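A short write-up of the structure that comes next.
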Amino acid sequence: MVKKLSRKFYTQPTLKVAKELLGKYLVRKLGSRKLVGKIVETEAYIGPEDRASHSFGGKVTERCKTEYLEGGHIYIYLCYGMHWQLNITTSLAGKPECVLIRALGHPLATGPGKLCNYLKLNKSFDGEDLTKSKRVWIENRGKRTKPSTGAKLGAGLVPHRNKVSGAGKQQVVATKRIGIDYAGSWAKKPWRFYLKNNPFVSKI
DNA sequence: GTACAGATTGAG
DNA sequence: TCAATCTGTACT
């Protein structure tokens with residue numbers, strides 16, 4: 001069953017969305033072609049309190065202002081002057097929370113920068129509404145990972161130890177985020193999620 | 001205005 | 001291990 005994800009999905013708590021996006025399909029329409037890739041790796045960035053987030057402390061800059069949009073919008077920005085990073089906003093309007101899409105199940109989309117290059121995503125998609133857009137959206141193709149009933153998210157997880165949850169075919173692993181060692185204790189939060197044993201997940 | 005670091009990547 | 005090179009922040 002193919003079903004486009006609705007506003008209701010995106011406005012759920014960020015950690016939940018980050019986890020449930022795994023196994024969903026990102027669809028990008030390029031002219032008459034349609035590129036589709038399964039999401040296999042994500043990271044959550046939670047608002048004013050997350051030191052690794054651009055909106056840490058409630059800052060609103062020209063770059064990160066779209067992060068404050070209601071769940072279901074695209075927040076895309078340039079990193080290191082050359083790589084675009086695709087984020088999906090979550091939660092309610094005014095709350096700077098989002099999920100970074102780090103990898104798709106495609107050899108040319110195995111990293112946040114490569115993914116955007118492959119799907120031809122750039123600044124023109126900043127603020128795009130995934131529930132209304134005709135050129136990019138996310139689908140549930142009936143093979144979704146089973147919602148976790150075991151490990152609790154957030155504060156309940158112990159840093160430095162990977163937790164595997166989800167009894168479905170595809171297991172979800174939670175571990176610490178990548179490339180944000182400067183963020184102190186926030187760098188250790190197990191807010192990176194990926195599908196266990198998936199070959200397209202970055203190996204770190 | 002200048003200096004520097006960053007949610008990265010591919011080449012050497 | 002490094003450089004590519006845009007954006008935001010902390011200085012002068």
Side-chain angles (χ1 to χ4, degrees), chain A residues 10 13-22 26 28 37 39-69 71-91 95-128 130 136 138 153-154 157 159-160 162 172-195 198-204:
Chain A
Y10 297 112
T14 304
L15 290 175
K16 184 171 164 127
V17 175
K19 194 167 183 176
E20 298 208 357
L21 273 176
L22 294 174
L26 180 61
R28 165 79 168 106
I39 298 172
V40 300
E41 186 179 356
T42 63
E43 278 183 10
Y45 284 85
I46 302 187
E49 52 180 22
D50 183 357
R51 188 148 136 51
S53 169
H54 292 151
S55 51
F56 171 63
K59 279 182 311 196
V60 181
T61 65
E62 195 55 32
R63 179 176 65 165
C64 79
K65 62 184 181 187
T66 48
E67 193 181 350
Y68 288 80
L69 294 176
H73 291 82
I74 286 179
Y75 164 42
I76 192 166
Y77 73 94
L78 197 59
C79 184
Y80 297 105
M82 46 194 331
H83 299 294
W84 293 100
Q85 312 281 131
L86 175 66
N87 295 257
I88 310 299
T89 65
T90 57
S91 193
K95 288 199 163 192
E97 305 187 11
C98 65
V99 176
L100 168 66
I101 308 299
R102 290 190 58 87
L104 300 182
H106 185 286
L108 291 179
T110 57
K114 294 169 70 176
L115 182 157
C116 289
N117 182 53
Y118 169 61
L119 295 179
K120 297 288 177 285
L121 296 172
N122 53 46
K123 188 73 182 170
S124 75
F125 284 84
D126 197 37
E128 188 93 350
L130 289 170
V136 59
I138 298 176
L153 294 171
L157 277 182
H160 297 308
N162 297 344
V172 173
V173 183
T175 184
K176 64 175 194 162
R177 293 173 291 178
I178 292 175
I180 54 163
D181 290 342
Y182 62 90
S185 62
W186 291 99
K188 295 170 186 158
K189 294 281 179 189
W191 289 353
R192 170 174 173 246
F193 304 95
Y194 61 90
L195 293 179
N198 189 291
F200 297 106
V201 172
S202 49
K203 297 164 184 63
I204 294 184

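Atom set for the values below is all heavy atoms of this structure, side chains included, hydrogens, waters and symmetry mates excluded. All values reported here derive from a predicted model rather than from experimental measurement. Naming: A, B, ... by sequence-line order, numbering from 1 per chain.
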A:Asn122 side chain reached by A:Ile76 side chain, heavy atoms, under 4.5 Å: no
Value rounded to 0.5 Å, distance of CG in A:Leu21 from OH in A:Tyr10: 6.5 Å
From A:Glu67 atom CD to A:His54 atom NE2, the distance as rounded to the nearest 0.5 Å: 7.5 Å
Sugar-phosphate only, base, or nothing, as touched by A:Leu100 at under 4.0 Å among non-hydrogen atoms: base
Donor-acceptor under 3.5 Å (A:Gln85 side chain, A:Cys79 main chain): no
Separation of atom CZ in A:Arg192 from atom P in B:dT8, rounded to whole Å: 11 Å
Interface with DNA chain B, restricted to residues 47-55 of chain A and to heavy atoms under 4.0 Å: A:Ala52, A:His54
Minimum-distance nucleotide to A:Leu78 side chain [options: B:dT8, C:dC6, B:dG10]: C:dC6
Atom-pair distance (CZ on A:Arg177; C1' on B:dG6), nearest Å: 14 Å
B:dG10 versus C:dT7 - spacing of their C1' atoms, nearest Å: 22 Å
Atom-to-atom span, OH of A:Tyr45 to P of B:dG6 - whole angstrom: 13 Å
Value in whole Å for how far the P atom of B:dG6 lies from CZ of A:Arg63: 12 Å
Phosphate-side-chain proximity, A:Lys59 and C:dT9, N/O vs OP1/OP2 below 4.0 Å: yes
Other residues, nucleotides, ligands: >12 heavy atoms within 6.0 Å of A:Lys95 NZ: no
Gap between atom CG of A:Leu22 and atom CZ of A:Phe193 - 0.5 Å precision: 8.0 Å
Test: A:Arg28 cationic atom under 6.0 Å from A:Tyr118 six-membered ring centre, within 45° of axis: no
Those residues of residues 82-91 of chain A lying under 4.0 Å from DNA chain B by at least one heavy atom: A:His83, A:Gln85, A:Asn87
C:dT5 pairs with, by Watson-Crick or G-U criteria that keep both distances under 3.5 Å: none
Candidates B:dT8, B:dG10, C:dT9 - which lies nearest the side chain of A:Tyr80: B:dT8
